[in-house]
Structures are given as structure tokens and as C-alpha cells.
Amino acid sequence: MTTRKPKAAPIVINLFFAVLSAAILAPLLLVVAISLSSEESLLHNGYRFIPAQWDTFAYEIVLRNPLQLLQAYQVTIGVTIIGTACALLMTSMAAYAVSRRDYRYRRPTLLFIVFTMLFNGGLVPFYILVTQYLNLKDTLAALIVPYLVSPFYLLIMKGFLEKLPVEIFDSAKIDGASEWRIFLRIVLPLSTPALATVGLFISFAYWNDWWLGLLFIDEQKLVPLQLLLYRIMDTIEFISANMDLVNVNLTMAKFPSLSTRMAMAVLAAGPMMFVFPMFQRYFVAGLTVGSVKS
Amino acid sequence: MRILSWARAEWKHGRRNRELFMLALPAVTFKLIFNYLPLVGLIIAFKKYNFAKGLWGSDWVGWDNFRFFFQSDTALRITRNTILYNGAFIVLGTVIAIAFAIMMNEIGRRWLKIHQTVMFLPYFLSWVVVSYVTMGFLDHKSGFLNQLLTFFGQDPVRWYETSAYWPVIIILVYLWKSVGFSTLIYYAGILGIDSSYYEAARIDGAGKMQMIRHITIPLLTPLVVILFIVAVGNIFRADFGLFYFIPNDVGFLYGATDVIDTYVYRSLRVVGDIGMSTAVGLYQSVVGFALVLTTNYIIKKINSDNALW
Amino acid sequence: MYPKKNIMLLVVLCLALVLSACSGGNGNGKNGGSDPAPGNTGTAQNGEEKKPAEELSKVELVWYYPQPAIPSDLKSVESKVNELIEPKINATVKLMPLAFGDYTQKMNTVIASGEKADIVWTSNWNFNYVQNQSKGAFIPLDELIDRYAPDVKASMPDFVWEATRIDGQIYGVPNYQTVTNREGFVLQKEFYDLYKPEAEMKQLADLAPLLEQVKQKHPDLIPFAVGRQGMFSYMNRTYGLESVLANIAVIHLDNPDKIVNMYETEEYRQYLDTMRDFYEKGYINEDAATLKSIGDYQKAGQAVGGFHNVLKPGGEAEAKAAQGGKDMQYAFTTDAYVGTNTIITTLQAIPVHSGNPERAMMLINLVNTDPELFNLLAFGIEGTHYNKKSDGSVELVPDSTYTASDWVFGNVFNGYTLAGKDPNVAKETKELNESATPSPIIGFKFVTESVSAEIANVTTVIDEYGPGLNTGTVAADRILEEFQGKLKQAGIDRVIEEAQRQLDEWKASVQ
């Protein structure tokens with residue numbers, strides 16, 4: 001449908017999105033501007049889009065221990081890649097099964113899944129399960145396994161897969177293909193935009209997570225990026241609020257807490273600006289049924 | 001005998017569905033372990049939890065842990081706020097996201113990439129960071145809005161002390177942060193629509209708007225229903241970060257910004273009772289689940305193709 | 001399209017992950033619960049006490065405590081610590097520092113899940129001592145202290161121990177430091193010297209002349225910086241009250257047998273009127289009711305005056321750093337005093353699931369009696385993390401990979417003084433500790449469990465009305481009555497009644 005279209009509409013729409021994008025971007029620029037302002041000027045002048053006094057001190061603080069930061073990036077990247085691959089696979093397999101209207105256990109399975117979206121047993125049993133029964137404490141698996149199947153993404157995936165025309169399954173089955181084969185050879189290739197979208201969401205969940213790290217990681221080498229940043233922030237806030245309680249060099253008192261927080265947001269979200277376009281490559285209209293059959 | 005034949009028939013069905021069942025099995029097993037096993041923890045809602053006695057040994061207290069929530073005279077206010085905000089999010093979020101997604105489908109790829117990326121960026125910021133940005137705009141001395149107002153000769157507004165503005169502020173901030181996300185879902189949904197539908201429509205001489213009305217929107221409906229049902233299930237749960245950090249936990253604004261989750265957080269901050277927090281969570285779950293079942297039932301009555309199951 | 005092999009590999013991998021998770025469950029299920037370790041019964045066996053360390057079987061203790069930052073070089077300090085303690089008590093320790101901000105939540109999870117922990121830090125402000133004791137988190141320590149830590153017991157005045165008792169038993173060993181509080185104004189010295197009124201400043205209203213001067217002559221500064229909590233909870237003593245349950249219940253010092261609702265007191269009303277007056281005259285920052293912390297104003301050096309409830313020897317110098325480098329001056333409104341809540345600010349407890357309570361107590365004993373061990377924990381390794389100077393004080397190396405808060409570990413009077421800090425502070429603090437006026441109800445602790453539903457609701461009412469009133473932003477005439485009514489509706493009277501009942505009981509038991 002993207003081949004021929006009237007000329008005027010896209011320009012108007014483009015213009016609309018340009019204005020919208022600018023409006024959305026403005027607060028983000030503020031984040032960057034604050035991260036590059038000196039603490040002094042923030043305290044005295046409030047926030048400005050163009051810093052009254054430029055300062056990269058906030059970044060220096062975060063980058064002060066580059067080895068640790070690199071290690072954390074490594075952990076997070078590894079967890080995100082492995083986690084997204086495994087989670088996407090498990091999610092789409094199950095989503096395919098429940099998207100098939102002729103699957104006998106479709107209703108119970110869906111109910112089973114939806115139920116888990118609403119009920120959870122709370123932190124303590126979950127913690128006991130992961131640490132004492134699965135023995136995942138201080139392992140990378142602790143950062144991956146708990147998020148493998150999210151009911152929300154599973155349902156979205158199901159919504160995407162449901163749109164595949166039933167006829168192709170029928171004809172494939174007449175050709176003697178097994179469900180696994182249909183899934184791998186027909187469903188997956190036909191659903192690239194769906195896989196890219198859900199994969200993107202899953203990868204964000206892994207990328208942004210610090211909570212699993214907080215609960216299950218004591219080993220310094222396995223600390224993921226967001227947890228590291230969260231801890232640096234926590235430290236700065238605590239110190240600047242309780243300077244009299246802490247036995248540290250008093251220069252710590254000059255730690256710019258606000259600009260550091262913003263610098264961290266930039267460092268944590270920044271890489272996603274490059275990851276996002278990678279997924280966008282797959283946002284193309286699914287191949288037509290005919291091309292698969294042939 | 002009856003049971004036996006039933007079992008035999010079921011066995012046959014099972015064999016026929018074996019492959020699909022195996023496909024779903026990993027996810028189902030996973031949920032069983034990670035969600036259903038820990039559910040035993042819900043009994044804490046009916047217990048006075050004691051570390052020494054543990055989960056099983058702690059004393060039963062019946063409905064005592066629910067008392068604090070239902071007894072408070074703010075229960076009505078926070079429930080109302082929670083439902084109204086979530087309702088607004090559902091309606092506005094869906095309509096805007098679908099409109100954007102349809103529009104995005106009409107523009108060239110290069111610009112699309114840029115717009116999408118920009119719209120998605122706020123999604124990466126934590127609510128804490130967003131709260132500082134909000135304050136940058138609303139702070140009554142140095143905030144941009146008040147600077148703007150003074151520039152035009154108006155009186156500055158004490159945003160953080162006037163609750164009347166906050167429903168709008170909260171909704172705007174929510175949309176700003178989430179619209180890229182939901183637009184993307186619907187955009188991917190549109191991409192998944194079989195292009196032969198449009199070809200056929202074009203041959204029949206249908207215009208753009210007609211195609212949108214008669215092809216795009218109907219085919220997006222199942223996806224809308226899924227997201228709608230998910231949202232309805234969570235209508236009693238509010239996004240804690242949004243409602244706690246953005247209004248900066250200011251007492252003057254509670255009338256307009258206090259929701260169940262922030263209220264529970266504040267009230268249990270001092271007493272720190274897991275029994276009580278579990279109790280409220282359980283209440284939210286039960287109501288949410290009931291709503292999901294009802295909604296799905298109603299949708300099914302209207303059009304069984306669109307129902308979630 | 002997709003290489004099939006890779007996909008299958010992934011499927012297998014994921015399945016393996018899930019299945020191994022399942023089978024892991026079967027294999028270790030039995031270890032899951034709280035296994036009573038052999039050491040648990042040790043307290044009852046009198047034989048063990050005389051045994052020299054070598055005959056005790058070797059154990060590893062786990063010690064949880066909060067720190068501002070998790071030091072990157074924890075491991076080398078830990079192994080040094082173990083070198084020191086292993087020959088003495090045949091135990092090693094695993095140090096588990098957590099960030100202050102995460103401490104309560106993480107400890108709740110650790111204790112609730114029955115995970116191994118032998119020593120846990122607790123206090124009245126983070127991972128609450130009384131609350132967690134009432135939930136059964138800790139074991140009583142009296143016997144263990146008498147047997148394994150008699151020196152520690154002797155190193156602190158008796159009233160310190162009294163303050164830790166709950167139902168007559170000690171559940172935590174205090175990390176001995178300053179145990180007194182003293183309330184007063186903290187003012188920028190420059191303005192204090194210039195505008196100090198003739199009369200002594202003992203009450204909030206006495207500050208008015210000074211604030212007026214600052215307001216007149218320095219319109220860009222904030223005469224009196226106030227955050228959204230207001231001041232009253234920090235000024236209890238200044239108004240002749242003492243807190244029983246923070247922000248809710250107080251006693252009058254001249255009638256210590258009667259617990260009253262803080263918001264119904266004469267003094268609260270007085271405070272509100274003074275604050276309203278200050279606010280209307282522009283002494284208080286306009287955004288007080290919505291301001292989370294006055295820290296930013298202080299850092300910018302804009303806050304001329306403030307109030308603080310923990311003024312301590314040497315504090316003026318420390319305050320300077322927080323106040324944008326301005327010299328600060330204290331103006332005391334009370335004498336130094338001690339009460340339960342000024343003492344139980346940092347303690348070590350032994351959780352119920354500890355398998356080795358005796359060894360844990362031996363370690364607590366060592367930390368509090370062996371300066372070498374204490375200094376190792378507090379400052380790290382000499383030469384690597386800090387250097388000793390000729391006058392006996394120590395200096396941290398720049399960007400040290402091990403920094404810690406000493407008061408989390410043990411008796412701070414055993415520690416080095418940081419270079420640049422007044423060496424007399426320790427002595428002054430100790431003297432003050434022993435000479436301070438004790439509270440009439442020292443040792444009493446309100447166990448809030450039976451009224452937690454009421455407290456939960458009362459807390460939220462205070463959150464809503466408190467900031468406006470306590471900062472003078474809202475006039476008391478209009479709102480105070482409504483506030484008091486809402487508190488009653490939320491059940492504050494039941495809280496007061498219960499507190500009174502417990503106080504009466506406690507009074508009877510100590511006499």
C-alpha cells in the first residue's frame with residue numbers, strides 16, 4: 001500500500017510529526033543541558049536550556065571508574081542479548097500456539113497466562129524461589145530468567161500473529177508440515193515487524209533493569225549498568241544529605257547531584273538511540289502470503 | 001464408563017494438539033514456576049507476619065490486614081483518582097496512538113525513522129528524571145512556564161500548590177512518556193496487515209479514508225482489545241512512579257494526584273507491614289481479574305472474534 | 001530465511017535453562033527452609049563457653065550493614081579482617097555492605113526469606129530495631145553479652161543498655177558514639193555576629209529580630225530555611241516535650257506519665273502561630289510547603305538560619321561543608337539530653353536465623369574491643385587506603401577504593417581521628433554522653449504493632465495537612481481544627497491510648 005499515494009498528505013503529516021517531535025524533544029534537551037551545567041549555576045539560576053556555566057564534572061564522576069563502568073556495560077549487553085533472544089523465542093512459541101484458534105487448550109492457556117499478569121505472590125516467596133530453590137544468586141541467569149516470559153508481551157505477540165491468514169497453515173499441513181516447521185518456516189519469517197517490536201520491548205526491559213541486580217547480585221563483577229548508576233546516585237544523594245555522618249573526603253560534598261543524575265540518564269538511554277534504528281530495519285510490511293508459498 | 005470415554009476422547013485431542021502444546025509448554029512451565037509457586041505468599045495477607053515463625057507458622061488474623069485500607073475515609077478518593085486517570089490513559093492513549101500509527105504509515109521511511117526514534121526516547125527516562133524535568137517547567141520561581149507567564153505580564157502560578165491543574169499535567173506527562181511505545185505497537189500491527197486487502201480495496205476504487213475505516217481499524221481491533229483488556233485488568237493499579245515523583249509527593253496535591261499505590265506506600269512507610277501491603281495488592285488483583293473476565297465476556301457477546309479467548 | 005539450526009539450538013538452550021531451573025528446585029528443596037544449624041543450641045550448652053577457639057568448629061559469619069557506598073576494594077579488607085579474627089575465634093566473616101537507601105527493603109527480604117545472616121545492623125531510622133524485634137527478627141542477647149562480651153558491656157554507661165531493652169531484654173549491641181541530642185539554631189556566623197539579639201535565643205520567636213535584619217538588608221537570602229516537614233518534630237525538647245512516637249505522640253517533660261496527641265498540645269499551636277507570623281513576614285522560603293529538602297539552599301549558601309535537633313561537639317565545622325562553605329554558629333535552645341531514641345541510632349543485632357549466635361557475639365566483642373580490627377573496617381588498610389600522620393590522625397588517600405562510615409561497625413571511640421578534625425571532639429562527646437540529662441522515660445519503647453492500621457492512616461493525614469501548617473504556609477485558624485478532626489477519624493486516639501497503656505505497664509515493671 002505504500003507504493004502510490006497522494007502528495008499533499010505526507011507533507012502535512014510530516015510537518016505535524018516534526019512539530020510533535022520538537023515538542024517531545026525539548027524536555028529531553030533539558031536533561032542533556034542540565035547534565036552539562038555546573039552545580040553552582042543550577043543552584044543559583046535554576047534549569048536552563050543553554051547552561052549558564054558549562055561543566056562536564058558530572059560525566060567525570062560517572063566515568064571516574066571506567067573499568068567498572070565497562071564491566072557493567074558488558075554485563076548489561078550480554079544479559080540483554082541472551083535474554084532477548086531466549087525470551088523472544090519462548091514468548092513467540094507460546095504466542096503462536098494460543099493464536100491458533102483451532103488449538104484445543106487455547107482458552108485455558110490464555111486464562112493461565114492472564115492470571116499471572118494480575119496476581120503475584122509478592123517479593124519474599126519470589127526471592128526464596130530464586131535464591132534457595134533455583135540457586136541463582138550471583139549468576140547472570142538471575143538477571144535473565146525472571147523476565148523470560150512476560151504475559152503482556154505474549155499477548156501482544158498473540159495479537160500480531162492472529163492476523164496471519166489461516167489458509168497458509170491449512171495448506172502447509174496438507175503438505176505434511178509439522179507445527180514446529182510451520183512456526184519456524186512460515187510464522188517467524190512472516191512476522192518480522194512483530195518480532196522486532198516485541199523484541200525491542202523485551203530488550204528494553206532487560207536493559208533498564210536494576211531491580212533483579214539489587215536483589216540477587218552481590219558480586220561486583222556481575223553488577224549491571226543500571227544498578228551501578230543507581231548505586232552511584234544513591235551514594236551521592238546520601239552523602240549530600242548526611243554529610244556530617246560520613247567519613248569521606250569533604251570534596252565529596254561538592255558532588256553535583258542533579259547534573260550527575262541527568263548525566264546518568266543520558267549514559268543509560270544514549271546507547272538506545274543506536275539500538276532503536278537497528279530494530280527499525282525490520283519494520284517493513286510483512287511478506288505477502290504468496291511469496292512464502294512459492 | 002462415561003469418564004473413561006471422556007478421557008479417551010481427551011487423550012485423542014491431546015495427541016492432535018501435541019505439537020502446539022509443546023510449543024506453549026516452555027512458557028507455561030515457566031509461569032508455573034515463577035508465578036504460581038510464589039502465590040503461596042498471598043497467605044501473608046491474612047497473617048501477622050513474624051520472621052521467627054515464618055510463612056506457615058505466623059498467626060492468622062483473618063481480614064485484619066485489609067482494615068486499614070477500607071477504614072480510611074480517603075479510600076473513596078484514591079480509588080476514584082486511580083480509576084479516572086487509568087480510564088483517561090486508556091481512552092486517550094489508544095486513540096492518539098492509533099491515529100499516530102496510521103499517520104506514520106503514510107510518510108516516507110527516512111523521516112519516519114527520525115520521528116519514531118524521537119517519540120520513543122522519553123520512554124527510557126525514569127520517572128525520577130522526568131520529575132526533575134517537570135519541575136524545570138513548573139517550579140514557581142525559576143520554572144519556564146512561570147518565566148513565560150511573567151514575560152507576558154501575567155501573574156506566575158504556584159503549580160505545586162494548585163491541585164486543579166494536575167489532572168492535565170499528569171495526563172500530559174503520561175502521554176509524553178508513553179505515546180511512542182503504544183504507537184509502535186499499533187504501527188507494527190498495521191505492518192502485519194496482509195497487503196492484498198488494500199490491493200483489493202484499491203481495485204474497487206476505495207479512498208485512503210475508506211481503507212482506514214474499513215480495513216486498518218477493523219483489523220487492528222483485536223490488538224486494541226488485547227491492550228484494552230490488559231489495561232482494564234490494571235485499572236486499580238496506578239503507575240507509582242508517575243503519581244509519586246511527578247507531583248513530588250506534595251500534600252496540597254493529594255486531592256488530585258493521590259492514587260491507591262501512592263497512598264499505600266505512604267501509609268505503610270512508617271509501619272512497614274508486609275501483611276497489609278500484600279492485602280491491598282491482593283484486593284487490586286482480585287478486582288482486576290474480575291474486571292478482565294467481565295470485559296472479555298462482554299466483548300465476546302458483541303463479537304466473539306475479537307475476544308481475548 | 002532463518003538458519004534452522006540456530007533456532008533449534010536456541011530452543012534447546014532456553015528449555016535447558018528452564019528445565020535446569022526446575023530440577024534445581026527438586027535437588028535443593030530440602031535446604032530451602034530455615035535449617036536450624038547445630039550452633040543454634042549452643043547457648044544452652046554451658047560447656048562451650050570455656051572452650052578455646054581452636055576447638056570450635058570453623059564457621060563463616062555473614063554480616064549485613066549499610067554504607068553510603070559499596071567500596072570497590074572490599075575483598076582485600078575482608079581478607080585482612082579474617083586474618084585478624086580467625087586465630088581468635090576460628091571464624092571468618094563475609095562482609096555484606098548495602099547502600100543506605102536499599103537497606104531496609106533488602107534486609108526485610110533477607111530476614112523474611114530466612115537467608116543466612118549472623119549479624120545485622122539496625123537502628124531506629126533504617127531497618128527499625130523495635131519494629132523488627134516485635135516481628136521476631138532478632139534473638140535476645142543478654143546471656144551472650146554476659147558470656148562473650150563483658151568488656152563491651154562495661155564500655156558503655158548503663159543507661160545506654162537500658163535504652164536497648166525491649167520487654168526487659170537486650171536485642172542489640174549499640175555502636176557507641178554520641179548518644180546525646182541537643183537542639184538549637186544553626187546560623188551563618190557572619191549574620192549571627194552582626195545581628196544577634198541581646199537576649200538569648202531559646203524559643204523560635206526569639207529569632208525574629210535577627211531574621212528581620214537579614215530580611216531587610218539581604219533580600220536575596222533566605223532568613224530561615226524550612227523544608228516541607230516543618231520544624232516542630234525536631235523542636236520537641238525546645239518546647240518542653242519529648243517524642244514517644246515520632247510525629248504523633250509526645251509527653252510533657254513536667255508530666256512524663258501522660259502521653260498526649262502532639263497535634264492537640266498548646267505548644268503545637270504556639271509553634272504554628274510563630275511560623276505563620278514568620279511566613280507572612282517573608283522570613284521563610286516561599287516554597288517551604290512543597291520543598292523536599294533545604295539542602296539545595298544550604299549548598300548555595302542562601303540559607304542564613306535553620307534548626308537542627310542533633311547539635312554535637314565539632315558539628316559546626318562539619319556543617320560548613322553542607323552550607324556552601326559558610327562558617328556556621330550554633331545557638332542552643334536546650335541542654336544535651338539522652339533518651340531512648342537518641343541512643344538506639346546504630347546497633348548490631350543477631351537475627352533469628354543465624355546459625356552461630358555465639359560466634360557472632362564473639363565477633364561483635366572483637367570489633368568493639370580491638371582497635372586494630374575496628375580501624376581496619378572503618379578506614380581500610382594502612383598505606384593502601386589511608387596514611388597515618390605524625391599526630392596520630394589519619395588521612396584517606398585521594399580516591400580511596402575503601403571508604404566507610406565508622407559508626408556502623410562499633411565503638412567509635414576506639415577509632416582514629418580523621419586529619420583536620422578536632423581531636424578533642426571525642427573526649428567532649430564522651431563527657432557529654434555521661435553528663436547529659438536523661439529522659440524521664442528512658443528505656444521505654446512503644447511497640448506499635450497492635451495499632452499499625454491506625455498509624456498507617458494517621459500517617460497519611462499528617463502527610464496531607466502537615467506541610468501546609470508546619471511551614472506557616474497555611475494559617476492555623478482555618479485548618480488546624482479540620483486536621484485534628486481527620487486525625488481523630490483516622491484513629492489517633494486509639495494510638496495514644498495504646499501508648500499510654502504500654503507506658504503504664506512499663507512504669508510498673510521498672511519500679
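Letters go in sequence order (proteins before strands), and every chain restarts at 1.
- Other residues, nucleotides and ligands place more than 12 heavy atoms under 6.0 Å from the OH atom of A:Y73.
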* Please report the C-alpha distance between A:E40 and C:K299 in whole Å, then the side-chain angles of each, then the deciding distance to 0.1 Å, and finally whether the salt bridge (charged side-chain N to carboxylate O under 4.0 Å, His left out) criterion is met. => CA-CA 9 Å; A:E40 288 261 331; C:K299 269 202 222 171; over 6 Å; no
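- When side chains are defined from C-beta on, C:I70 counts as touching A:Q220, because their heavy atoms get closer than 4.5 Å.
- Your options are A:L42, A:L214, A:V124, A:L129, and the one with the most heavy-atom pairs under 4.5 Å with chain C is A:L214.
- Interface residue A:K137: only side-chain heavy atoms are found under 4.5 Å from chain C.
- For C:S293, no part lies under 4.5 angstrom from a heavy atom of chain A.
- The environment of A:K221 atom NZ is sparse: at most 12 non-hydrogen atoms of other residues, nucleotides or ligands sit within 6.0 angstrom.
- C:A99 approaches A:D234 most closely through the heavy-atom pair CB-OD2, 3.2 Å.
- For A:E179, the salt bridge (Lys or Arg N to Asp or Glu O under 4.0 Å) partners at least two apart in sequence or on another chain are A:R100, A:K173.
- For chain A, the nearby part of C:Q105 is the side chain; its heavy atoms alone come within less than 4.5 Å.
- Top candidate by heavy-atom pairs under 4.5 Å with chain A, chosen from C:P97, C:G295, C:G101, is C:G101.
- A donor-acceptor pair is defined here as one N or O able to donate and one able to accept, closer than 3.5 Å; no such pair exists between the side chain of C:S113 and the backbone of A:Y127.
- Ranked by heavy-atom pairs under 4.5 Å with chain A, the first of C:A112, C:G325, C:S72, C:G315 is C:A112.
- At most 12 non-hydrogen atoms from other residues, nucleotides or ligands lie less than 6.0 angstrom from NZ of C:K94.
- Ranking C:D102, C:L74, C:D296 against chain A, the residue ahead of the rest is C:D102, based on heavy-atom pairs under 4.5 Å.
- Heavy atoms of C:P71 lying under 4.5 Å from chain A belong exclusively to its backbone.
- In summary, C:K106 and A:D218 engage in a salt bridge, as defined by a charged side-chain N under 4.0 Å from a carboxylate O.
- Residue contact with chain A, scored on non-hydrogen atoms closer than 4.5 Å, involves the side chain of C:Q302 exclusively.
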